[in-house]
Amino acid sequence: MAGADMNINSSEVHIQYRPIEAAFQATSLISIMVVAIVANTMNIIVVYRNSNMQTPRYMFIMNLACADLGVTLLAMPFSLITCISREWIMRESLCKLHGFLGSFFFCVSIFTLTIMSIEQYYALVKPLARAITIRRARYMIGLVWIASTLVSMGPVLGWGHFAYNSSTLSCGVAYPRTTLERLYLLFLVLVAYVITLLIMTIAYIRIFFAVRKHTNRIAKYTSGGLEVMRLQRRIIYTLLLVLMVFILCWLPFVFLIVLATRNVGVSKLPYGLGVAAYWCGFCNSSINPIIFVIRNDRFREGYRDILNEVWYGLRCKRPPKLGRLQFKKTWYLTKRTSTEEQKQHVVLRAIPSLTAIPDVELMSDHDNDENRESFSL
């Protein structure tokens, strides 16, 4: 996160927002924090409780929710306190911590979106090349957190420095004093924004053409496969929406970094750009979980379950057990006759059906008791 070094260069103009502006900033930030905490926590609970969502895709979504919660609980409170006091009243060590956490969780979010695009690429474009299993997904998530730590450690190790910026009401990577520090800002934008967006753009373009090709091919032969492709397309559109929202929310912040690399002082920045850049970035943490709820039936169903339990808990009643239709595999035995050998043979086929059958049952397609045979799985 970029900021202006007010402690080093005393000639810089100290931005002082008016009380009415500070009140609006604090109110909006509190609203963002409340929505982000509630929505991301519920998304994590829904994924944790639903065994059908224990897949790499939902693991990445949960990791994104953890990053958003980290920003909300560990970074936003510093900005809120500063917004209310209208100056930095905490220690310098906490300023450095605030700057590190801001950069760190920003990198975790963008890197998570990157591996989500990679997972979709292998699932749809190259499904037989390399499957992303649960184990590989865990390794990828671990790599995201390690890479985010290394990218954000530059100012801690002396490559750049953290400082308070009165225009952003936050601590972050200060305006560069040397060419080396300017290179760190460029490195941060290049690695955590430009390269990652380039990877995601290439992946989604390949995915788009692959899905369109498979959809046209499947539509000629079957309708069931077309429904599967429609579901995959819906997932892709959801991830693209998350990506577009991320780009729009963090674009003011990137613009602020670009101005910082050109040695544009605080006095020459557009009034309010600093707060807008940070607040838009914070707002992204509250929008992400809402997108998944709107676009995903499983999340909506999970929300209904949680809210139902909370409602009955407040009334000190036990929520009723709802009988839901689930996909059950019903096995059928089909007897066919070969035209060449005139011999009967049995074909076992699995047909998923929406039934409330508690067990997997094995049955014949024929009602004739003489032709019915017993099999065991």
Side-chain angles (χ1 to χ4, degrees), residues 1-3 15 17-46 61-90 94-95 97-110 112-113 164-172 192-193 241-257 270-295 299 303 306-307:
M1 313 290 271
I15 303 297
Y17 292 103
R18 293 188 295 270
I20 186 65
E21 294 173 338
F24 176 76
Q25 293 164 356
T27 303
S28 59
L29 186 57
I30 290 174
S31 302
I32 292 172
M33 293 177 64
V34 171
V35 174
I37 292 173
V38 174
N40 285 291
T41 301
M42 291 188 67
N43 279 10
I44 293 175
I45 294 175
V46 169
I61 294 176
M62 189 162 60
N63 188 65
L64 184 63
C66 291
D68 292 335
L69 271 181
V71 172
T72 306
L73 298 176
L74 301 179
M76 292 188 195
F78 291 102
S79 298
L80 180 61
I81 294 174
T82 307
C83 182
I84 296 174
S85 62
R86 294 193 292 167
E87 61 179 352
W88 186 263
I89 60 176
M90 290 166 279
L94 292 179
C95 180
L97 177 63
H98 182 210
F100 171 78
L101 292 175
S103 299
F104 173 72
F105 287 115
F106 165 74
C107 292
V108 172
S109 297
I110 189 66
T112 302
L113 291 175
Y164 172 67
N165 183 348
S166 61
S167 67
T168 63
L169 299 175
S170 303
C171 284
Y193 199 80
L241 182 60
V242 172
L243 176 61
M244 292 302 298
V245 169
F246 183 90
I247 294 174
L248 293 177
C249 287
W250 285 103
L251 194 59
F253 169 69
V254 174
F255 180 63
L256 185 65
I257 291 183
Y271 185 76
L273 175 63
V275 171
Y278 273 70
W279 264 235
C280 286
F282 292 153
C283 189
N284 181 249
S285 300
S286 63
I287 296 178
N288 282 338
I290 296 176
I291 294 175
F292 289 117
V293 173
I294 295 175
R295 300 282 300 176
F299 277 114
Y303 269 58
I306 295 175
L307 294 177

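Any value given below was found using the heavy atoms of this structure, including those in side chains, with hydrogens, waters and symmetry copies removed.
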Answer yes or no: is there a side-chain heavy-atom contact under 4.5 Å between [X] and [Y]?
X: Ser286; Y: Met33; answer: no
X: Phe253; Y: Cys280; answer: no
X: Met62; Y: Asn43; answer: no
X: Asn284; Y: Val71; answer: no
X: Ser109; Y: Leu64; answer: yes
X: Met42; Y: Leu307; answer: yes
X: Leu169; Y: Tyr278; answer: no
X: Phe299; Y: Ile61; answer: yes

For [X] and [Y], work out which heavy atoms get closest and say how close.
X: Tyr303; Y: Ala39; value: OH-O, 3.1 Å
X: Ala26; Y: Ile84; value: CB-CG1, 4.3 Å
X: Thr72; Y: Ala36; value: OG1-CB, 3.3 Å

**Item:** Gamma sulfurs of Cys283 and Cys249 within less than 2.5 Å
**Value:** no
**Asked** Can Ile44 and Cys66 be said to form a side-chain contact (heavy atoms from CB on, under 4.5 Å), step by step?
**Response** CA-CA 8 Å; Ile44 293 175; Cys66 291; 3.9 Å; yes
To the nearest 0.5 Å, how far apart are [atom1] in [X] and [atom2] in [Y]?
X: Arg86; Y: Tyr17; atom1: CZ; atom2: OH; result: 12.0 Å
X: His98; Y: Ile81; atom1: NE2; atom2: CD1; result: 10.0 Å
X: Leu74; Y: Leu97; atom1: CG; atom2: CG; result: 8.0 Å
X: Asn40; Y: Ile45; atom1: CG; atom2: CD1; result: 11.0 Å
X: Cys171; Y: Trp88; atom1: SG; atom2: CH2; result: 4.0 Å
X: Leu29; Y: Leu80; atom1: CG; atom2: CG; result: 5.0 Å

**Prompt:** Ile89 and Thr82: side-chain contact (heavy atoms from CB on, under 4.5 Å), yes or no, with the steps?
**Reply:** CA-CA 7 Å; Ile89 60 176; Thr82 307; over 6 Å; no
**Request:** Kindly state whether the ring of Phe106 and the ring of Trp250 have centres lying under 6.0 angstrom apart.
**Result:**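 Yes, the ring of Phe106 comes within the 6.0 Å limit of the ring of Trp250, centre to centre.
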**Message:** One pair to check against side-chain contact (heavy atoms from CB on, under 4.5 Å): Leu273 and Thr168. What are the steps and the verdict?
**Reply:** CA-CA 8 Å; Leu273 175 63; Thr168 63; over 6 Å; no
**Request:** Would you mind telling me which of Leu69, Asp68, Val46 makes a side-chain contact (heavy atoms from CB on, under 4.5 Å) with Thr41?
**Result:**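 In the set Leu69, Asp68, Val46, the residue that makes a side-chain contact (heavy atoms from CB on, under 4.5 Å) with Thr41 is Leu69.
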**Message:** Does either side chain, that of Ser170 or that of Ser79, offer a donor lying less than 3.5 Å from an acceptor on the other one?
**Reply:** yes
